[in-house]
Structures are given as structure tokens and as C-alpha cells.
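All figures in this text were calculated on a predicted structure; none of them were measured in a lab. Only heavy atoms go into these numbers, but all of them, side chains included; no hydrogens, no water, no symmetry mates. Both ligands and their constituent atoms are indexed starting at 1 by order of listing.
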Amino acid sequence: MTHPLIEQFQRAGQAQVFAFFEQLSPEARQRLLDEAAEIDLAEIERLNRMLLAPGAAAGVDLEGLEPAPYERRPEQGGDPAAWAKARAEGEEALRSGRVAAFTVAGGQGTRLGYDGPKGTFPVTPLKGKPLFQVFAEKIRAAGERYGQPLHWFIMTSHANHAATEAFFDAHGFFGLERGRVHFFRQGRMPAVDFEGKILLEGPGTIALSPDGHGGSLRALERSGSLDLMQREGIDTLSYFQVDNPLVRAVDPEFIGWHLLRRSDMSSKMVPKAYPEEKVGHFCVQRGRLVVIEYSDLPVAMQRETEPDGRLRYIAGSIAIHILDREFIRRIARPAAGGSAGSGQPNQALPFHRADKKVAAIDAAGRPVKPDRPNGVKFEMFVFDALPFARNPVVIETRREDDFSPVKNATGVDSPQTCRDDQLRQFARWVRAAGGAVETDATGLPRTVFEVSPLFGYDEESFVEAWRRLAPPPAVRDGLYLESS
Ligand code: UTP
């Protein structure tokens, strides 16, 4: 059986993809051909050469690395007037409808081990609201506050797209206008064995997996989301991950810093909690902003201190960014030329190699159950766009106001730690508003209560809403503050 696509795979040394083709039903053959058509063979060939060939796995280039500068918060010595100006600028952008929210929700969530899209995971302490609902309510509340409902882009994967859409449908889009919530799938990449041969998951199925959160930039372009933004007059995207309910999904100060600096891509940092915290580090190299993963930064550098005792590489990345629409286009379409006066060449994000256990079949069609990595997945990371950004700005945020992800089933960054961090935040807000709440030494309240983002989604909006209550309620088990 010949087919132009099969011949292409044969010429590329990937004939094994069609090894069982003759045994498949006509429908299964077509499905396999459709999957194969998704694969850019030249890209796989290039990645095999760059990332798999012997000696290819050279370490990360650390030459000329310096800590990245960042904007300190006012209480850490930053200029209060500059932060106030940023806030005003961000609020103006929100009032004029220039900003949309963007959630990447295409990950596989293997560490959490939850059956279903991660965004449907129940996360809040009292009501058990799913992650998607928390973001939806924050976005709704911000829209109401600034008199301009926001659009929300959600990137899914092939595996969770239908379930994600069905979930929103079943919950009435959590009160958001359907027409402003946009789902699109991210791209997929085939896994290969250590010789670079594309793996099959079954006789008629290629081992395909999501292409990493960095794939979001080309998926935004390919899905028509950037064109939609342009039609709607949106030029600024607030990027966050699906696993972090604490995130200030719509943060006027952050948006304002980004806009005032005419930045292509901006980021939030938190001071590392301890020298070897497992986060990416914001650094500058040859005049460009880069994120160096903890695993690539020698421990001695992770521990380096300034003369005043502060950590030298202190700026930890928490995967929260603001992106400019046209910058995304430039990254998404590297071949399209048109760097249009930017002075920067168009750039594609690099792929990273991750050695993983891949469910696959062997040459005889028997399933292999690997107990150690048997293949390689290729992924892009969104922070790899930073070196190509003009005027990138990094601002400091308070960890307790922006970051407590659910990554693992137990232990650090688990549902339990995230629940406790939400409760601590609610307690801090109550106190900031002048209310009383009993906590332990870590600030964890002794009662389980909950604040809906529709009541207050940051300290300021909470304090305003609380003060409108006459009299304010006692904080007790089961208290739920829903709307002001
Ligand atoms: P993680 O790096 O935590 O990966 O994703 P993950 O797939 O969710 O979880 P594990 O590693 O399998 O346990 C960080 C964020 O990036 C998104 C995730 O949905 C999450 O919001 N992501 C990750 C994507 O959207 N696509 C990807 O291909 C990878």
C-alpha cells in the first residue's frame, strides 16, 4: 500500500509508524494517516540531530550570566509612586477592554494523578470549587469592577478538550458570557525512542503528547485567537497556569508595568524561599532576559550571596506573564519574516528533551510496560520567549498573594498546602479589613471559611466589600462570603 504520506515517512527513516497499516480497518488507517499528517518530519529530524545525537546533550550555557534586575514592591524598597502609576495605567487598560485572560490547561497532570482535566479539580477549602470556577469568578469580578467584561482564552489538549468544554457547559460557564470564553487545543508532538524513531502507542496510534506550555504561543496563532483578539481590540494577554488558584488573574499593577515599559513580555518573580528552591531563576545573559532552571544552575550559584547576605540569584519564576499580542505572532510564525521595525528577528521557541516512560508497542506489536524511561518527549517552555522580548520587565510579587500551585497528590504543592494557603489569605484579608480571626503561628485560621472571588478577589476589593457589611459577620466554621 502506498500513499504519499507513507512514502514521506519511509524516506525520513520512520517507516515503522506504518508497520501495522495493512492490518487496520479503513477507518483506523485514516485515523493513523490523520495523526501522521500532524507531524512535521523535518522538525523531528532536526530535534533528533540537536537533542538525541551522541554528545548533543551539552549543558546549558552559563557564560556571562548575571541576576536579572526586577522592580521591588513598595514595601521592599520599590518606588510607591511608580507602582501607583502602573496601577492607574493597568486599570485604564482594563476599562478600555485591551486585556484578556489566558489559562494554559493542556498539561497531563501526571503528578496529581487526578482523573479528568486538572481545571475540574476541586480546590477551595469550604465549597470545593474547581480550579476553573475560581478563575472564572476572578475574571467575572474584574470585569464588573472595571465595567468591561473580559475575554478568556483557555488552552486545552487533545486529551482533555471535550471534557473541558463539557464541564463549562454543565456549569453554565460559571456565570460568564459564553461568547467570551474561547477554548482551543494545543499542538502535539510524537515521542521517539533513543534512536529517534517515532513510537507507536498501538498498531494504529502514534504516541503523541502535548507540546508543552510553550506550545501555547503557536496554538494561539493557529487557532485564530490572535486574530480574534485583534478584532476585539485586545493587545494584552494575562497568562497563568491552571494549577494555581491563588494567582491574581487580572492584576492592574502588573498590566500597568508591562504597558508603561512597552514590554513584549513581562513576568512576576518571588524571592526564593531558600537557596535551592526548585524554581527557574530570572537571569540576564548577553543583554537578554532568560530563565535558568534550578537543575541547570550549579548549586554553588544557587547559594551565592551578596555582601549584605541576600541571595544573589534571588528571583524565582512562578510562571505568570503578560504577553503582547503582536509579540506572540512574531514567535508563533518564525518563518513569516515581518519583524516589522522591531529590530528583532522572528524566532521559534526551542524544544527541550524530556526522557519519559512512554506507553508504546514493540516491533512485534506487543505493549511494553516500561519501568524506566524508554523514550523522549519534546516540549517547549513559554519562558523561552523572554530572550526575544523587547523591554521585558520583571516585577516582584508576594508569594502568598499569587502562588500556591497544586502539583502533587501529597506533600509540597499539594491540595492540602494550597487549601491552607487560601485560608491564610482569607484570614489576612479579614484582618486587613479590621475583622477578627483566630489563627495559628503560620497564619492558618482555626475555622474553615471561604471568600468567593465575587465578594473580593484581592485585598483591596475584599476590604471594600467587608466594610459594606453592617455588621460584619463573625468568622466561624462554614462562613461563606459570596457577593457584596
Ligand atoms: P506542569 O509543568 O506542572 O505539567 O504544567 P503538567 O502536565 O500539568 O503536570 P505533570 O508534570 O504531568 O504532573 C504547568 C502548566 O502548564 C500547562 C499545565 O496545564 C499547567 O497549567 N501545560 C503543561 C500545558 O498547557 N501544556 C503542556 O503541554 C504542558
Which salt bridge (Lys or Arg N to Asp or Glu O under 4.0 Å) pairs, counting each pair once, include a residue from residues 366-382, with sequence neighbours left out?
-> D362-R366
Provide, to 0.1 Å, the distance between atom 26 (N) of ligand 1 and the closest protein heavy atom, together with that atom's residue and name.
-> Q186 OE1, 2.6 Å
Are any of the N or O atoms of L112 closer than 3.5 Å to those of ligand 1?
-> no
Can R424 and D421 be counted as an ion pair, charged N to O under 4.0 angstrom?
-> yes
Protein heavy-atom partner closest to atom 20 (C) of ligand 1 - residue, atom, separation in Å | V104 O, 3.9 Å
Looking at R330 and F388, what are the two nearest heavy atoms and their distance?
-> NH2-O, 3.0 Å
CG/D115: more than 12 non-hydrogen atoms of other groups inside 6.0 Å = no
Can you pull out the closest protein heavy atom to atom 16 (O) of ligand 1? Residue, atom name and distance to 0.1 Å, please.
-> H213 CD2, 3.5 Å
For ligand 1, which atoms have a heavy atom of Q241 less than 4.0 angstrom away?
-> 14 (C), 15 (C), 16 (O), 21 (O)
How are the rings of H213 and F381 set to each other: parallel, tilted or perpendicular (split at 30° and 60°)?
-> tilted
Out of curiosity, is G215 lining ligand 1, as in a heavy atom under 4.0 Å away?
-> no
Below 4.0 angstrom from a heavy atom of M155, which ligand 1 atoms are there? Numbered from 1 as shown, please.
-> 25 (O)
Tell me, with the steps shown, if W152 and F173 meet ring pair (Phe, Tyr, Trp, His ring centres under 6.0 Å).
-> CA-CA 11 Å; W152 185 16; F173 281 63; 9.2 Å; no
Quick one: look up the protein heavy atom nearest atom 2 (O) of ligand 1 and list residue, atom name and how far away it is.
-> R111 NH2, 4.0 Å
Got a sec, which residues hit side-chain hydrogen bond (donor to acceptor under 3.5 Å, both in side chains) with S209, two or more places apart in sequence or on another chain?
-> none
Top protein contact for atom 12 (O) of ligand 1, by heavy-atom distance = T110 OG1, 2.4 Å
Mutual orientation of the aromatic rings belonging to F167 and F174 [parallel < 30°, tilted 30-60°, perpendicular > 60°] = tilted
Measure the distance from atom 6 (P) of ligand 1 to every protein heavy atom, then report the residue, atom name and distance (to 0.1 Å) of the closest one.
-> G109 N, 3.6 Å
When distances are taken from atom 23 (C) of ligand 1, the protein heavy atom at minimum range is G107 CA, 3.7 Å
When you measure from atom 5 (O) of ligand 1 to every protein heavy atom, which one gives the shortest distance, and what is it?
-> K407 NZ, 4.2 Å
